[in-house]
Visitor: 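Structure below; questions to follow.
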Protein chains: 2
Amino acid sequence: MTDQLTQLKQDFTEGLSQISKFWGFPKGMGAIFGVLYLSPTPLSLDELVQNSGLTKGAISTNVRALSRMGLVRLSTKLGDRKDYYEAETDFYKSIRAILKERQNNEFELAIQSVSKALEKLEEGVGSENETEHQFLLERLRALQSFFDALDGLVKSVVRLEGMGITTVEKILSILK
Amino acid sequence: MTDQLTQLKQDFTEGLSQISKFWGFPKGMGAIFGVLYLSPTPLSLDELVQNSGLTKGAISTNVRALSRMGLVRLSTKLGDRKDYYEAETDFYKSIRAILKERQNNEFELAIQSVSKALEKLEEGVGSENETEHQFLLERLRALQSFFDALDGLVKSVVRLEGMGITTVEKILSILK
DNA sequence: TAGAACGTTTAGTAAATACTAAACGTAGTA
DNA sequence: TACTACGTTTAGTATTTACTAAACGTTCTA
């Protein structure tokens with residue numbers, strides 16, 4: 001392999017590392033995905049060690065996270081007990097998986113914290129000061145309906161089966 | 001103010017802190033926004049110190065970031081040299097501002113790293129091995145067109161003037 | 001049953017990040 | 001000019017996070 005090509009691949013995975021970090025994922029996750037995405041064949045854990053510079057442990061945990069998010073698929077060879085990993089190439093599918101993953105964790109909790117507060121207000125907490133009570137009710141209700149809208153959006157994207165470039169184009173046409 | 005109400009407010013800002021962290025922003029940013037969002041009147045830096053538990057320095061920098069993202073507005077009183085801050089209540093407006101902010105920074109760079117790699121490939125780097133060269137071209141082109149689609153989406157959202165709940169509903173109707 | 005070849009888990013460490021405390025700059029005020 | 005009231009910047013620190021190295025458990029093989 002030419003040095004230039006090696007360099008190109010390194011730059012690419014470096015770029016993906018940045019993207020990964022940017023979206024709040026570990027840098028290494030991006031790097032691992034990058035290596036897999038540029039590989040024509042599935043790679044074993046040891047091959048990933050060689051190509052990414054990370055150690056087994058790090059790759060083991062990161063690759064598991066990637067699998068959960070649907071960005072990486074596990075494959076095996078008959079008579080070979082190694083695990084092999086390959087990059088998912090349908091990014092729209094991945095988006096759905098990632099949203100689904102996030103939905104269950106922190107996202108739902110965020111919504112709950114608002115509705116919990118709202119509940120208490122409606123039960124009468126703080127109603128001694130009527131104007132403030134009214135103000136808080138208003139604000140929290142507005143926030144809740146915003147979250148509900150987002151939640152609905154996320155849920156319907158997660159449900160979506162045939163999402164792809166045409167879906168994006170349809171949305172674009174709405175946004176004028 | 002009742003203890004219950006104080007507690008409710010604290011729980012709420014705690015919740016916003018979590019959300020903030022989740023989306024890759026400092027925890028304190030969420031807390032500051034939470035305090036402002038629950039205040040009927042704009043607050044000064046010192047009032048924020050009292051209500052958020054953070055120090056002046058932290059608030060100064062966080063509030064600036066919030067301003068840039070359009071989540072907080074600065075207001076002043078005549079004959080008073082303090083700065084006063086209030087929460088933006090139009091969240092759709094905020095989304096646009098946040099996307100705009102992010103677009104210019106990391107997001108664009110990510111796209112560039114892909115197209116840079118693609119460029120080199122098309123200039124012939126790595127073409128000694130024809131099948132691999134072809135493979136890499138294919139993969140990078142797919143990734144680039146995905147990024148382009150996202151970029152278009154983000155750009156049109158940023159441009160959007162009257163975004164609101166109806167926009168969300170329109171999109172929902174498309175997603176069936 | 002012993003050994004080898006795996007992936008996983010853990011304990012410790014390095015690196016990144018957000019904060020505090022205090023110095024600082026600047027602009028109003030006596 | 002000196003003093004005060006601000007917001008900002010900086011240097012240092014605490015906390016969090018992601019990683020390494022190594023121990024570990026399990027499964028296959030001789």
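Lettering of chains follows the sequences in order, A, B, ..., and the numbering in each one begins at 1.
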Visitor: Measure the distance from OH on Tyr84(A) to P on dA5(C) and round it to the nearest whole Å.
Guide: 14 Å
Visitor: Just by distance, no angles: are the side chains of Thr131(A) and Asn129(A) close enough, under 3.5 Å, to form a donor-acceptor pair?
Guide: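 Thr131(A) vs Asn129(A): donor-acceptor pair found between side chains.
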Visitor: Lys56(A) NZ to dA21(D) C1': how many Å, rounded?
Guide: 11 Å
Visitor: Nearest heavy atom decides the nucleotide; on that basis, is Lys82(B) or Gly24(A) closer to the 5' end of DNA chain D?
Guide: Lys82(B)
Visitor: Tell me: CG of Leu48(B) to C1' of dC6(D), nearest whole Å?
Guide: 14 Å
Visitor: Looking at dT8(C), dT17(D), dT17(C), which one has an atom nearest to any side-chain atom of Lys21(B)?
Guide: dT17(D)
Visitor: Side-chain N or O of Thr55(B) versus OP1/OP2 of dC19(C): is the shortest distance under 4.0 Å?
Guide: no
Visitor: Asn62(A) CG to dG7(C) C1': how many Å, rounded?
Guide: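 Going from Asn62(A) (CG) to dG7(C) (C1'), I get 14 Å.
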Visitor: Could you check if a side-chain atom of Tyr37(A) sits within less than 4.5 angstrom of a side-chain atom of Ile32(A), using non-hydrogen atoms only?
Guide: no
Visitor: Which whole-number value in Å describes the distance from Leu43(B) CG to dC6(D) P?
Guide: 15 Å
Visitor: Considering heavy-atom distances to DNA chain D, does Gly57(A) or Phe25(A) have its closest nucleotide positioned more toward the 5' end?
Guide: Phe25(A)
Visitor: What nucleotide among dA18(C), dA18(D), dT9(D) has an atom nearest to a side-chain atom of Pro26(A)?
Guide: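 Among dA18(C), dA18(D), dT9(D), the one nearest the side chain of Pro26(A) is dA18(D).
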Visitor: Is Gly53(A) touching bases, backbone alone, or none of the nucleic acid, heavy atoms closer than 4.0 Å?
Guide: sugar-phosphate
Visitor: Quickly work out the Asp80(B) CG to dG28(C) C1' distance and round it to whole Å.
Guide: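 In whole Å, dG28(C) C1' lies 12 Å from Asp80(B) CG.
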Visitor: Please tell me which of the listed nucleotides, dA21(C), dG7(D), dT27(D), lies nearest to the side chain of Asp83(B)?
Guide: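 The nucleotide sitting nearest to the side chain is dG7(D).
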Visitor: Which part of the nucleic acid, if any, lies within reach of Gly28(B) when heavy atoms closer than 4.0 Å are counted: base, sugar-phosphate only, or nothing?
Guide: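 Sugar-phosphate contact only - Gly28(B) comes under 4.0 Å of backbone atoms but never of a base.
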Visitor: Find the distance Leu54(A):CG to dC19(D):P and express it as a whole number of Å.
Guide: 6 Å
Visitor: Are any of the side-chain nitrogens in Lys9(B) or Glu132(A) under 4.0 Å away from the carboxylate oxygens of its partner?
Guide: yes
Visitor: By nearest heavy atom, map Lys27(A) and Leu45(A) onto DNA chain C; which one lands nearer the 5' end?
Guide: Leu45(A)
Visitor: What is the distance, to the nearest angstrom, from the CD1 atom on Ile59(B) to the C1' atom on dG7(D)?
Guide: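 It is 12 Å, rounded to the nearest whole Å.
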Visitor: Choose from dC6(D), dC19(D), dG7(D) the nucleotide whose nearest atom is closest to any side-chain atom of Ala58(A).
Guide: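 Closest nucleotide among those given: dC19(D).
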Visitor: Relative to Tyr85(A), does Arg73(A) satisfy both conditions: NZ or CZ under 6.0 angstrom from the six-membered ring centre, and within 45 degrees of the ring's axis?
Guide: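 No; the conditions do not both hold, so Arg73(A) does not lie above the ring face of Tyr85(A).
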Visitor: Counting only side-chain heavy atoms from C-beta out, which of dC19(D), dA4(C), dT9(C) sits nearest to Thr61(A)?
Guide: dT9(C)
Visitor: Answer yes when Lys93(B) and Glu161(B) have at least one side-chain N-carboxylate O distance shorter than 4.0 Å, and no when they do not.
Guide: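 No salt bridge links Lys93(B) with Glu161(B).
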